[in-house]
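Data block below; observations after.
For clarity, every value in this text was computed on a predicted model and none was experimentally measured.
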Amino acid sequence: MNNQAAVITVSDKGARGERTDTSGPALAAMLEGAGWEVVCRSVVPDETERIQQELLRCADGLGLALVLTTGGTGFSPRDVTPEATRAVIQRETPGIPEAMRAESMRVTPRGCLSRGTAGIRGRTLIVNLPGSEKAARENLSAVLDAVRHGAEMICSQGSADCAQTDAPPARRSPSMDGWLREAKQDPAWERVGMYLIHNGVVRRTPRAQVRLGEENAAPVAGMRFSYDREKLDAAVEEVRRLEGVYYVRVWLNEGRLAVGEDIMYVLVGGDIRSHVVGALEFLVGKIKSEAVTETELTEAHGT
């Protein structure tokens with residue numbers, strides 16, 4: 001399946017540089033935590049033509065599987081994101097915004113005022129989300145699993161490029177420079193004194209040799225790697241509650257990995273070194289022991 005996605009923030013003030021975008025980075029982080037590769041993030045003003053152009057660039061030009069927008073879904077005269085979206089989609093998917101509004105109504109009676117829509121253009125699923133970071137997170141959480149399944153259904157309609165195999169190819173690793181730039185746009189950045197990154201890779205030396213000292217263990221030729229998303233999310237939330245920790249972001253690979261390929265990236269930001277080091281070690285250990293499944297491949301398994 002094509003797992004590439006984009007997040008478009010629709011905001012006049014954001015486009016003019018008068019407001020820091022927090023919703024876009026938050027949604028990108030949620031997508032990446034769920035296994036998506038966010039290859040494009042942009043900010044456009046509340047103008048129908050500009051929104052349409054950006055949607056078409058992501059869908060037709062970049063061929064992305066998923067495009068999320070945040071902002072422009074309310075009652076203000078400048079809120080035109082749903083209209084711009086309807087102009088470019090070919091098939092509406094009303095169940096997605098219905099589910100998001102239902103979730104919003106559980107939080108506030110005003111949740112019914114969101115006019116966001118969703119639909120399909122070619123092989124791209126486009127979903128409108130509110131501009132508020134809190135509301136955007138809540139709405140995406142309500143439909144994230146369904147959105148992935150919907151994207152898989154779109155992808156499965158006769159495309160050889162979308163065919164799934166027993167061991168899908170590895171995903172492209174994220175940009176650490178990009179991660180750090182986004183981390184420094186987070187509202188909590190002023191309380192962060194340091195960031196630490198953990199990068200795990202597939203090594204040729206087998207686990208049995210490293211941990212048990214078995215010198216005759218066969219060299220590793222690759223790895224099958226997968227993870228439990230719910231357990232991963234639970235581990236991240238646990239670390240976010242630790243003292244002095246203000247920023248956490250995780251990316252995990254999946255599928256059949258070659259030696260040297262990235263398994264995971266973990267970024268933790270906090271106030272002092274002891275808090276950050278402790279949180280990073282705790283989170284990496286938690287992920288490895290509870291959230292992931294690793295199967296080392298030797299020459300006998302085939303490469």
Side-chain angles (χ1 to χ4, degrees), residues 1-11 23-24 27-28 30-31 34 36 38-42 44-132 135-159 161-162:
M1 170 191 157
N2 176 358
N3 71 329
Q4 294 187 325
V7 178
I8 303 170
T9 299
V10 181
S11 167
S23 297
L27 294 176
M30 290 181 67
L31 286 177
W36 291 91
V38 179
V39 299
C40 177
R41 272 193 45 223
S42 58
V44 299
D46 292 275
E47 297 173 4
T48 302
E49 185 175 351
R50 290 290 303 279
I51 299 168
Q52 290 176 5
Q53 289 173 349
E54 191 64 8
L55 290 173
L56 292 173
R57 183 178 77 87
C58 292
D60 298 355
L62 300 178
L64 307 183
L66 175 66
V67 179
L68 302 183
T69 70
T70 171
T73 62
F75 280 28
S76 166
R78 296 283 294 173
D79 289 336
V80 294
T81 303
E83 286 71 28
T85 302
R86 290 192 186 96
V88 302
I89 61 176
Q90 297 158 331
R91 295 182 290 158
E92 285 198 69
T93 57
I96 294 175
E98 287 169 4
M100 293 193 296
R101 280 187 279 271
E103 179 64 21
S104 293
M105 288 291 290
R106 293 159 57 95
V107 180
T108 171
R110 297 179 181 177
C112 62
L113 300 180
S114 173
R115 299 189 308 108
T117 190
I120 300 165
R121 178 180 178 85
R123 296 194 179 276
T124 302
L125 177 60
I126 301 172
V127 180
N128 297 158
L129 294 158
S132 157
R137 284 179 179 271
E138 291 169 350
N139 277 230
L140 183 57
S141 294
V143 299
L144 192 52
D145 287 343
V147 162
R148 171 172 285 280
H149 183 60
E152 289 173 350
M153 293 174 67
I154 296 169
C155 198
S156 69
Q157 296 174 6
S159 171
D161 292 336
C162 296

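- Legend: residues meeting salt bridge (Lys or Arg N to Asp or Glu O under 4.0 Å) with Asp145, ordered by chain and number and at least two apart, are absent.
- The nearest pair of heavy atoms linking Thr124 to Leu66 is CG2-N, 4.4 Å.
- By the 4.5 Å heavy-atom criterion applied to side chains, Val44 and Gln53 are not counted as neighbours.
- Closest approach of Ala5 to Leu31, counting heavy atoms only: CB-CD1, 4.0 Å.
- For the atom pair OG1 (Thr69) and CG (Leu55), the distance works out to 7.0 Å, reported to the nearest 0.5 Å.
- Applying the side chain to side chain contact (heavy atoms under 4.5 Å, CB included) rule to Ala34 yields the partners Trp36, Leu144, Arg229; only residues at least two apart in sequence or on another chain are considered.
- For the side-chain hydrogen bond (donor to acceptor under 3.5 Å, both in side chains) test, residues two or more places apart in sequence or in another chain that qualify with Thr85 are Asn128.
- With sequence neighbours left out, Gln52 forms a side-chain hydrogen bond (donor to acceptor under 3.5 Å, both in side chains) with no residue at all.
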Full working for side chain to side chain donor-acceptor pair (under 3.5 Å) between Thr117 and Glu92: CA-CA 8 Å; Thr117 190; Glu92 285 198 69; 3.3 Å; yes
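- Listed by chain and number, the residues in a side-chain hydrogen bond (donor to acceptor under 3.5 Å, both in side chains) with Arg101 amount to none (sequence neighbours excluded).
- Heavy-atom minimum distance, Thr73 versus Pro130: OG1-CA, 3.7 Å.
- By the side chain to side chain contact (heavy atoms under 4.5 Å, CB included) test, Pro109 is found to be paired with no residue, residues two or more places apart in sequence or in another chain being considered.
- Interatomic distance, CG of Leu68 versus CG of Leu140, reported as 6.0 Å (0.5 Å rounding).
- The CE atom of Met153 sits 11.0 Å away from the OG1 atom of Thr93 when rounded to the nearest 0.5 Å.
- Between the side chain of Gln4 and the backbone N or O of Gly63 there is no donor-acceptor pair closer than 3.5 Å.
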Side chain to side chain contact (heavy atoms under 4.5 Å, CB included) between Cys40 and Cys58, intermediate numbers included: CA-CA 8 Å; Cys40 177; Cys58 292; 4.2 Å; yes
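- Residues satisfying the salt bridge (Lys or Arg N to Asp or Glu O under 4.0 Å) test with Arg41, not counting sequence neighbours, are Asp21, Glu182.
- Ile126 contributes atom CD1, which lies 12.5 Å from atom CZ of Arg86 (distance to the nearest 0.5 angstrom).
- Under the salt bridge (charged side-chain N to carboxylate O under 4.0 Å, His left out) criterion, the residue pairs touching residues 49-64 are Glu54-Arg57, Asp60-Arg121, with sequence neighbours excluded.
- With values rounded to the nearest 0.5 angstrom, Leu62 atom CG is found 11.0 Å from Leu56 atom CG.
- Closest heavy-atom contact between Glu47 and Arg78: CG-NH2, 3.8 Å.
- A search for side chain to side chain contact (heavy atoms under 4.5 Å, CB included) contacts involving Asp79 returns Asp46, Ser76, Arg115, not counting sequence neighbours.
- Between Ala136 and Thr70, the shortest heavy-atom contact is CB-OG1, 4.3 Å.
- Remark: Thr81 OG1 to Leu129 CG distance equals 10.5 Å, nearest 0.5 Å.
- Remark: Ser11 engages no residue in a side-chain hydrogen bond (donor to acceptor under 3.5 Å, both in side chains) (not counting sequence neighbours).
- Checked against salt bridge (Lys or Arg N to Asp or Glu O under 4.0 Å), Arg110 has no partners two or more places apart in sequence or in another chain.
- Closest non-hydrogen pair, Ser132 versus Ser23, comes out as C-OG, 3.5 Å.
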